[in-house]
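This report concerns only the one structure given below.
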Amino acid sequence: MSRRNFTVVTEFAFEGFSVFGWHHRLILFVVFLVLYLLTLASNAAILTVIYLSHQLHTPMYFFLGVLSMSETCYTVAIIPRMLSSLLLPQQTISVPGCATQLFFYLTFGVNNCFLLAAMGYDRYVAICSPLRYSAILGKRACTHLASGSWTIGLSTAVIQVSSVFSLPFCDANIISHFFCDIRPLMKLACADTTIRELITLLISLCVLVLPVVLIFISYVLIVTTILKMASAEGRKKAFATCASHLTVVIVHYGCTSFIYLKPKSQNSLQDRLISVTYTVITPLLNPVVYSLRNKEVKDALLRALGRKPLPLGAGQSRYSNKMKSSVRSHGEGASWKR
């Protein structure tokens, strides 16, 4: 292809939600800003409470804290520029700036997928092997699982960003999205992207399907164990402790899979609206659904605010008593609680 008449692109502009009128964009700006601030505040609260409360220094809350930190970075990489583009449509971003945004988006997004799988494994061990819980999920094992998630996220981001930005971009520079994403960028390339699209599909399958399969296997074993419990109350509590995690998993993987595993779509506005779910709404689900509904977290939050006194014998002795109670109650449905 002759490129004599082409102008090399040095910056991109986001189409975003420019199809909407000013009034509708202003409403979206207010809604997204409120959700963004709530996400930052609630994740910060969860991280603070987990750090200050010794009762929450367990594997479950360790993964929850790492997920909260990752979700915060994930939203910071996307939402501020999206909010800005709602007020000033078709704002430009340099090619290096776009590559940087895509890098952080993929790093934290992929990391979140595998952290959710690690949290599913945590639930599996807590319910199916409560007597060996502390031995299986010690500090070393938790650190390795979290580090593995970060490593996969970084590796995926490096491969994908290198693949996309090795393409030539000529003339067309309007990204049909509100942030730098892989497919909208590939549409702008003035070269054949078939091989790179295949690479993206294979990576998407690994990143999305593998964690889902691991989570599915964990929950098959969890449900099998729960159904064998003699106590109806124990079964109810066990299902309740898994419900929040499943809610986040279904919303996160459902929307992300719809975008990255479906065939090419001409309805880019529909894709953008679906993307809002996993870029704006899902990060808020982590602290609200998974954490703030949890009694231990709420009690720790009230203690941090000085509205609830510390229980007698709080600290390691309380955790030890819970583990002893778990051993005594094995087979009666109370072994899930740590």
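One is the number of the first residue; the rest follow in order along the sequence.
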Taking it one step at a time, do Leu102 and Gln160 satisfy side-chain contact (heavy atoms from CB on, under 4.5 Å)?
-> CA-CA 9 Å; Leu102 179 61; Gln160 289 286 65; 5.6 Å; no
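- Taking each heavy atom of Cys113 and Pro211 in turn, the nearest pair found is O-CB, 3.8 Å.
- Side-chain atoms of Phe178 and Val276, non-hydrogen and from C-beta on, do get closer than 4.5 Å to each other.
- In this structure, the separation between CZ on Phe14 and CG on Leu86 is 12.0 Å, given to the nearest 0.5 Å.
- Shown here for Ser70 and Leu115, the closest heavy-atom pair between the two residues is CB-CD1, 4.4 Å.
- Under the ring pair (Phe, Tyr, Trp, His ring centres under 6.0 Å) rule, Phe108 has a single partner from Tyr278, Phe114, Trp150, which is Trp150.
- Using modelled atom types, no side-chain atom of Arg196 and backbone atom of Val164 make a donor-acceptor pair closer than 3.5 Å.
- Each of Val220 and Ile226 belongs to its own hydrophobic cluster when Ile, Leu, Val, Met, Phe, Trp and Tyr are linked at side-chain heavy-atom distances under 4.5 angstrom.
- Atom CG in Leu67 sits 5.0 Å away from atom CD in Glu71 (nearest 0.5 Å).
- Contact check for Leu201 versus Glu197: no side-chain heavy atoms found under the 4.5 Å cut-off.
- Residues Cys180 and Gln101 share a closest heavy-atom pair of N-OE1, 2.9 Å.
- Lys187 has its side chain out of reach of Ser176: every pair of non-hydrogen atoms, C-beta onward, lies at least 4.5 Å apart.
- Atom CD1 of Ile195 sits in a sparse spot, with 12 or fewer heavy atoms from other residues, nucleotides or ligands closer than 6.0 Å.
- With rounding to the nearest 0.5 angstrom, the CG atom of Asp122 is 9.0 Å from the CD1 atom of Ile127.
- The side-chain contact (heavy atoms from CB on, under 4.5 Å) search around Thr107 returns Phe103, Leu154, Ala157, not counting sequence neighbours.
- For the residue pair Arg183/Thr200, the side-chain donor-acceptor check at 3.5 Å is not satisfied.
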Could you go step by step and tell me if Val161 and Tyr105 meet the side-chain contact (heavy atoms from CB on, under 4.5 Å) rule?
-> CA-CA 10 Å; Val161 171; Tyr105 162 70; over 6 Å; no
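- Nearest heavy atoms, Phe17 versus Arg25: O-CD, 3.4 Å.
- Both Val31 and Leu284 are part of a single hydrophobic cluster, where members link through side-chain heavy atoms under 4.5 Å apart.
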Would Cys73 and Asn111 count as a side-chain contact (heavy atoms from CB on, under 4.5 Å) if you check the C-alpha gap in whole Å, the side-chain angles of each, and the deciding distance to 0.1 Å?
-> CA-CA 11 Å; Cys73 297; Asn111 177 55; over 6 Å; no
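- Across all their heavy atoms, Met82 and Phe32 have their closest contact at CE-CD1, 3.4 Å.
- Other residues, nucleotides and ligands contribute more than 12 heavy atoms inside 6.0 Å of the CZ atom of Phe63.
- Two residues are said to be in side-chain contact when any heavy atoms from C-beta on lie closer than 4.5 Å; Val280 and Thr39 fail this criterion.
- Ser18 places a side-chain N or O within 3.5 Å of a backbone atom of Glu15 that can act as its donor or acceptor partner.
- Put simply, CG on Leu185 and CD1 on Ile175 are 4.5 Å apart, with the number rounded to the nearest 0.5 Å.
- Residues Trp22 and Leu87 meet the side-chain proximity criterion, which asks for heavy atoms closer than 4.5 Å.
- Rounding to the nearest 0.5 Å places OH of Tyr74 at 13.0 Å from CG of Asn43.
- For the atom pair CG of Leu221 and CZ of Phe216, the computed distance is 10.0 Å after rounding to the nearest 0.5 Å.
- Paired with Tyr121 under the rule side chain to side chain contact (heavy atoms under 4.5 Å, CB included), one option of Leu137, Ile215, Leu214 passes, and it is Leu137.
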Between Ile78 and Phe104, is a side-chain contact (heavy atoms from CB on, under 4.5 Å) present by the stated rule, with each step listed?
-> CA-CA 9 Å; Ile78 298 172; Phe104 285 115; over 6 Å; no
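- In this structure, Ile174 is not a member of the same hydrophobic cluster as Phe12, with clusters built from ILVMFWY side-chain heavy atoms closer than 4.5 Å.
- Counting heavy atoms from C-beta on, the side chains of Thr279 and Phe179 come closer than 4.5 Å.
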